[in-house]
Amino acid sequence: MAAEKPRVGWIGTGVMGQAMCGHILSAGYSVTVFNRTLSKAQTLCDRGAIIADSPKSVAAESDIVFTIVGYPKDVREVIIGENGVLKGLKPGGTVVDMTTSEPSLAREIFDYAKQKGCESVDAPVSGGDKGAKAGTLAIFAGGEETVVERLKPLFDCMGKVTYMGGPGLGQCTKLGNQITIASTMVGLVEGMVYAHKAGLDVEMYIKAISTGAAGSRCLDLYADRILRRDFDPGFFVNHFVKDLGISLRECQQMGLSLPGLALAQQLYVSLKAHGEGNLGTQALVLALERLNNLQLPTIG
């Protein structure tokens with residue numbers, strides 16, 4: 001007889017979380033959800049998820065609890081806070097944080113979970129809203145390898161998991177990922193601004209370079225959105241600024257100088273200063289347009 005599927009808890013049903021949790025529901029798991037804004041969980045409830053009134057309540061009804069929230073302070077609150085997951089999770093349970101957060105916090109949660117007889121995995125993701133909807137996210141897992149392996153059927157619902165090592169190393173991988181994306185986005189947008197100023201058809205320019213060495217995942221995901229002035233968030237500027245800030249603090253602690261990261265972070269901070277923090281990361285073009293007093297042509 002097939003083993004009974006574990007009961008799943010899910011905390012955080014924003015742009016990413018709703019799609020990711022949806023795949024787990026589609027795979028036939030029973031799911032209990034919590035979100036601070038209850039209306040954002042309604043679509044999942046309509047598909048059979050059960051709503052709970054706190055992270056602690058979610059954990060009490062679950063064997064494995066996934067969290068994907070906004071900031072490290074939110075991670076701390078929903079996992080080790082007074083009404084957090086580890087106040088309700090029974091011994092033998094597992095908490096999986098998929099938020100991009102601080103490696104030191106991931107290690108703290110791991111140690112706290114162990115004291116409670118539970119397991120913890122840090123498993124941030126990359127791939128944006130498209131990857132979340134398609135179930136093709138890259139998942140970077142830190143913790144105990146046997147626990148990550150046990151979670152693989154659930155991770156497979158959302159994308160491809162890679163075990164990166166001990167607690168916190170999933171977060172370290174994601175920060176490296178964000179550092180790479182930050183400079184890549186600056187290069188993409190600067191190239192588009194240059195092409196426009198040089199008199200090129202920017203749409204044709206993007207098509208021409210996409211099959212050469214300048215082709216990238218960022219180009220595929222964002223160039224067309226930029227040209228259509230589609231700044232809806234697959235990933236919020238506010239959250240990217242948070243990620244880059246964590247990366248800079250980690251670099252400071254390591255005595256590491258990464259000037260490309262610092263430049264990208266300042267450009268994204270300038271978007272927040274203009275009230276554009278709730279736009280998607282492709283809105284970086286707005287900062288470059290302001291610097292050069294121009295606007296790219298719009299297609300579509």
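Throughout, numbering of the chain's residues begins at 1 and tracks the sequence. Remember, it's a predicted structure, so these values are computed and weren't measured experimentally.
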Nearest heavy-atom approach of Lys242 to Pro72 is CD-CD, 4.0 Å
Heavy atoms only: give me the nearest Leu137-Gly127 pair and the separation to one decimal.
CD2-CA, 3.8 Å
Stepwise side chain to side chain contact (heavy atoms under 4.5 Å, CB included) check, Val58 with Val85:
CA-CA 7 Å; Val58 168; Val85 170; over 6 Å; no
Note, Leu86 side chain near Gln115 side chain (heavy atom, < 4.5 Å)
no
For a 4.5 angstrom cut-off between non-hydrogen side-chain atoms, does Tyr222 reach Val285?
no
If only side-chain N and O atoms count, and only distance matters, is there a donor-acceptor pair under 3.5 Å linking Ser26 with Arg47?
yes
Side chains of Cys251 and Leu261 in contact at under 4.5 Å (non-hydrogen atoms):
yes
Determine the interplanar angle of the Trp10 and Phe66 rings, folded into 0 to 90°, and report it as parallel if under 30°, tilted if 30 to 60°, perpendicular if over 60°.
parallel
In the structure I gave you, are the side-chain heavy atoms of Arg229 and Gln295 within less than 4.5 Å of one another anywhere?
yes
Nearest-0.5 Å distance, OG of residue Ser257 to CD of residue Gln252:
11.5 Å
On the ring face of Phe140, is Lys174 found with NZ or CZ under 6.0 Å from the centre and within 45° of the axis?
no
Under 3.5 Å donor-acceptor, Ser62 side chain and Ala59 backbone:
no
Please walk me through it: do Thr13 and Phe34 pass side chain to side chain contact (heavy atoms under 4.5 Å, CB included)?
CA-CA 8 Å; Thr13 57; Phe34 171 78; over 6 Å; no
Member of Asn293, Asn292, Leu286 meeting the side-chain contact (heavy atoms from CB on, under 4.5 Å) criterion with Arg290
Leu286
Flag the pair His196 / Tyr205 as yes when their ring centroid distance falls below 6.0 Å, and as no otherwise.
no
Got a donor-acceptor contact below 3.5 angstrom from the Gln265 side chain to the Val241 backbone?
no
Using the rule given for side chain to side chain contact (heavy atoms under 4.5 Å, CB included), can you reason through Met158 versus Thr136, listing the C-alpha separation, both sets of side-chain angles and the distance that settles it, and then say yes or no?
CA-CA 6 Å; Met158 299 177 273; Thr136 57; over 6 Å; no
Donor-acceptor check, side chain of Gln282 to backbone of Asp230, threshold 3.5 angstrom: yes or no?
yes
Just wondering, do Thr281 and Tyr268 contact through their side chains at under 4.5 Å, heavy atoms?
yes
In sequence, state the C-alpha distance, the side-chain angles, and the governing distance for Ile11 and Ile68, and then conclude on side chain to side chain contact (heavy atoms under 4.5 Å, CB included).
CA-CA 6 Å; Ile11 297 167; Ile68 182 163; over 6 Å; no
Does a salt bridge link Glu119 with Arg150, judged by any charged N lying under 4.0 Å from a carboxylate O?
no
Would you call Glu145-Lys152 a salt bridge at under 4.0 Å N-O?
no
Would Glu102 and Arg249 pass as an ion pair if we require N to O under 4.0 Å?
yes
Distance col, row Leu219:CG vs Ile206:CD1, nearest 0.5 angstrom, shows 4.5 Å
Given 3.5 Å as the limit, does a donor-acceptor pair link the side chain of Glu289 with the main chain of Leu296, or not?
yes
Any Ser101 side-chain heavy atom under 4.5 Å of Asp122 side chain:
no
Any side-chain heavy-atom pair of Asp74 and Thr99 under 4.5 Å
no
Check whether any side-chain N or O of Lys116 sits under 3.5 Å from a backbone N or O of Pro91 as a donor-acceptor pair, and report yes or no.
no
